[in-house]
Every structure is written in structure tokens, then in C-alpha cells.
Amino acid sequence: MNDIKLALLGSQGAGKSAVLVRFLTRRFIGEYASNTNSLYHKRLSIDGRQLNLEVFDPCSQSSEARCILEEPVDWADGFVVVYNISDRTSFINAKNILRQIREARMENCKGEMDVPVCLVGNKQDLCHARQVCEDEGRCLAQENRCHFQEVSAAESYQDIANLFTQLIRQVMEHLKYRADRRRYSGSKSMAKLINNVFGKRRKSV
Ligand SMILES: Nc1nc2c(ncn2[C@@H]2O[C@H](COP(=O)(O)OP(=O)(O)OP(=O)(O)O)[C@@H](O)[C@H]2O)c(=O)[nH]1
């Protein structure tokens, strides 16, 4: 069984818990405890494969450009970065979070393909109070080579289910790529070792 670890990041009140609970239970629950870190577990099946999903929903990150929690950046295989379309500050914070994920990953995983990330503009039902237009979200996602989706955790399940399913598929591909890379570099260094030990002798035969 595959283990998939995701982390949800975003400003306080952007709707991270609402989005996640919608995905896990299909329900919208108005209020959530926001002063604790939560780790959710779910078993699911995607494309016929059984998965153990763990999702980390940390307690609020402030809207200032301070460093996001370092642990989820190292721990997670993929990220959901949530902002509120009716709160520009949460969008600016999402931008900072995307930058920090990229920088942290560049340092830790040199040469690896991008970590899967989905940028989510939540509270689409509040479009009368919109402060971030859809194109801005799309452009930001393009700049960061990540998927983008506007959703309303309050009103709809399907968009949220689709975005998590797509992200999980991407994570599975990414994990396979990393495992193949490790196997390949392992066999390359073994070949090098064999060559170093036997190379000269073989030449003289
Ligand atoms: N109108 C509307 N309200 C939403 C939506 N999603 C969440 N909310 C509300 O926004 C508030 C914050 O939602 P949370 O899910 O607690 O947000 P959060 O990002 O987890 O917040 P913290 O845990 O404080 O970081 C709650 O009052 C939710 O009911 C949505 O799609 N539309």
C-alpha cells in the first residue's frame, strides 16, 4: 500500500480545514478548531491502487511573510496552498508560501523534479466580495508550475474531490520518479565501483 503525505498551507481563515473536511467527509462544517495542528488519515483507492493518505493541517500561519512551518515542507510529498478569493492578503501570503516551498525544496532535493502543489482559491461563493480575480490565481500557478483551482468548500464537493485526486496522482508519479532515480544512481555507483576494482585488470586480459 502506498503512503501519501500532503500538507495544507495558507492564511488563517482561508478555509483550509473546510476544504479538507469537504474532501474527507463530503460535508461542510461551519467552524473548526484552529489552535491545534491536526493530522488526518484516510484510506482510499485511486486508479485501482490502495492508498494510505495522511494530511497535515497545521494551525494558522500568520499573513506576514514569515517562514512557513519547516516540518511540513520536509515531511510532505505534496502541498495544497489555500487562499480566500475575497481576501487579497491571503493571496499575497499564498504567493510567499509557494516561494518558500520552492526554495526549501531546491535546497533539500537538488535536481529533482518539482514537488506537486495545488493552488486553491477558496470561497468562490463570495464572488460579490472578490478581491483576487481568477486570472491572477491562474498566473501565479503558472509561474510556480502548479495546478490551480477555484472552489467553494461551502457549496461544492466535486471540484475539491477532483483537485485532491489529481494531486494524489501527481504525487504517486513523483514518488515513482524519485524511487527510479535512486535505483538508477545506486546501480550507476555500483557500476563505477566494479569498474574501479576490475577495470584495469579487464583491460590487460
Ligand atoms: N462562504 C464561505 N465560507 C467558508 C468557505 N470555506 C470556509 N469558510 C468559512 O471560513 C471560516 C474559516 O474556515 P476554516 O476552514 O476554519 O479556515 P482555516 O484556513 O482552516 O483557518 P485556521 O484553522 O484558522 O487557519 C469558517 O467560518 C468557515 O465556515 C467557503 O467556501 N465559503
Side-chain angles (χ1 to χ4, degrees), residues 4-42 44 53-101 104 115-138 140-141 144 146-168:
I4 305 274
K5 301 192 213 86
L6 303 180
L8 277 163
L9 300 170
S11 291
Q12 181 170 15
K16 299 179 293 296
S17 306
V19 166
L20 177 60
V21 170
R22 202 28 134 170
F23 171 61
L24 297 176
T25 69
R26 293 182 174 240
R27 292 168 57 214
F28 175 66
I29 300 161
E31 297 304 324
Y32 309 85
S34 63
N35 52 357
T36 53
N37 292 332
S38 308
L39 187 63
Y40 294 81
H41 298 264
K42 189 177 171 80
L44 45 123
L53 178 69
E54 284 186 299
V55 190
F56 184 51
D57 181 7
C59 64
S60 292
Q61 296 95 56
S62 86
S63 55
E64 296 148 32
R66 71 173 168 80
C67 197
I68 53 170
L69 298 166
E70 276 145 28
E71 279 167 43
V73 172
D74 286 338
W75 174 84
D77 303 313
F79 298 89
V80 180
V81 178
V82 183
Y83 68 90
N84 168 1
I85 65 148
S86 65
D87 173 12
R88 176 152 289 275
T89 311
S90 73
F91 181 67
I92 293 165
N93 196 32
K95 211 180 228 180
N96 287 329
I97 290 171
L98 289 173
R99 183 180 45 77
Q100 288 173 41
I101 292 173
V115 63
V117 179
C118 183
L119 176 66
V120 178
N122 186 37
K123 308 199 185 182
Q124 202 184 26
D125 54 295
L126 299 183
C127 56
H128 52 278
R130 185 187 276 279
Q131 291 183 2
V132 184
C133 67
E134 197 168 356
D135 270 351
E136 285 180 273
R138 198 169 292 118
L140 180 60
N144 286 277
C146 67
H147 182 67
F148 169 68
Q149 182 76 53
E150 275 200 358
V151 302
S152 166
E155 289 190 341
S156 148
Y157 163 73
Q158 202 51 53
D159 288 341
I160 292 175
N162 290 348
L163 81 85
F164 271 95
T165 306
Q166 189 167 339
L167 182 65
I168 291 167

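One-based numbering, in listed order, for ligands and for the atoms of each.
- For Val19, no heavy-atom contact with ligand 1 is shorter than 4.0 Å.
- Distances from atom 5 (C) of ligand 1 to the heavy atoms of Gln124, Glu155, Lys123 put Lys123 nearest.
- Taking distance alone, with nitrogen or oxygen atoms compared against 3.5 Å, Asn122 approaches ligand 1 more closely than that limit.
- Listed by chain and residue number, nothing satisfies the ring-ring contact (aromatic ring centres under 6.0 Å, His included) test with Phe148 (two or more places apart in sequence, or in another chain).
- In this structure Leu39 satisfies the side-chain contact (heavy atoms from CB on, under 4.5 Å) test together with His41, Glu54, Phe56, Trp75, sequence neighbours excluded.
- Ligand 1 has no nitrogen or oxygen under 3.5 angstrom from a nitrogen or oxygen of Phe28.
- Atoms of ligand 1 found under 4.0 Å from any heavy atom of Lys16, numbered from 1 in the order shown, are 15 (O), 17 (O), 18 (P), 19 (O), 20 (O), 21 (O), 22 (P), 25 (O).
- Atom CZ of Arg88 has more than 12 heavy atoms from other residues, nucleotides or ligands within 6.0 Å.
- For ligand 1, the polar-atom distance check against Gly13 finds a nitrogen or oxygen pair separated by under 3.5 Å.
- Salt bridge annotation for Arg130-Glu150: present, with a cationic side-chain nitrogen under 4.0 angstrom from a carboxylate oxygen.
- If you number the atoms of ligand 1 from 1 as listed, the ones under 4.0 Å from a heavy atom of Ala153 come out as 6 (N), 31 (O).
- Heavy-atom proximity to Gln12, at under 4.0 Å, picks out these atoms of ligand 1: 24 (O), 25 (O).
- Against a heavy-atom cut-off of under 4.0 Å, Leu126 is close to the following atoms of ligand 1: 1 (N).
- Here the side chains of Leu20 and Ile160 are not in contact, with every heavy-atom distance at 4.5 Å or above.
- Residue contact annotation: Ser152 has a non-hydrogen atom under 4.0 Å from ligand 1.
- The shortest N or O to N or O distance between Val151 and ligand 1 is not under 3.5 Å.
- Scanning both residues, Asn84 and Val132, for their nearest heavy atoms gives O-CG2, 4.5 Å.
- Between the side chains of Gln158 and Asn162, at least one donor N or O sits under 3.5 Å from an acceptor N or O.
- The distance from ligand 1 to the heavy atoms of Ser11 drops below 4.0 Å at these ligand atoms: 19 (O).
- Using a 4.0 Å cut-off between heavy atoms, Asn84 makes no contact with ligand 1 at all.
- Note that OH of Tyr157 and OG of Ser152 are 15.0 Å apart. Values are rounded to the nearest 0.5 Å.
- Under a 4.0 Å criterion applied to the non-hydrogen atoms of Asp125, ligand 1 contributes the atoms 1 (N), 2 (C), 30 (C), 31 (O), 32 (N).
- Side-chain contact between Leu163 and Phe23 is absent, with no heavy-atom pair separated by less than 4.5 Å.
- Between Arg138 and Leu140, every side-chain heavy-atom pair lies at or beyond the 4.5 Å cut-off.
- At least one N or O atom of Ala18, backbone or side chain, sits closer than 3.5 Å to an N or O atom of ligand 1.
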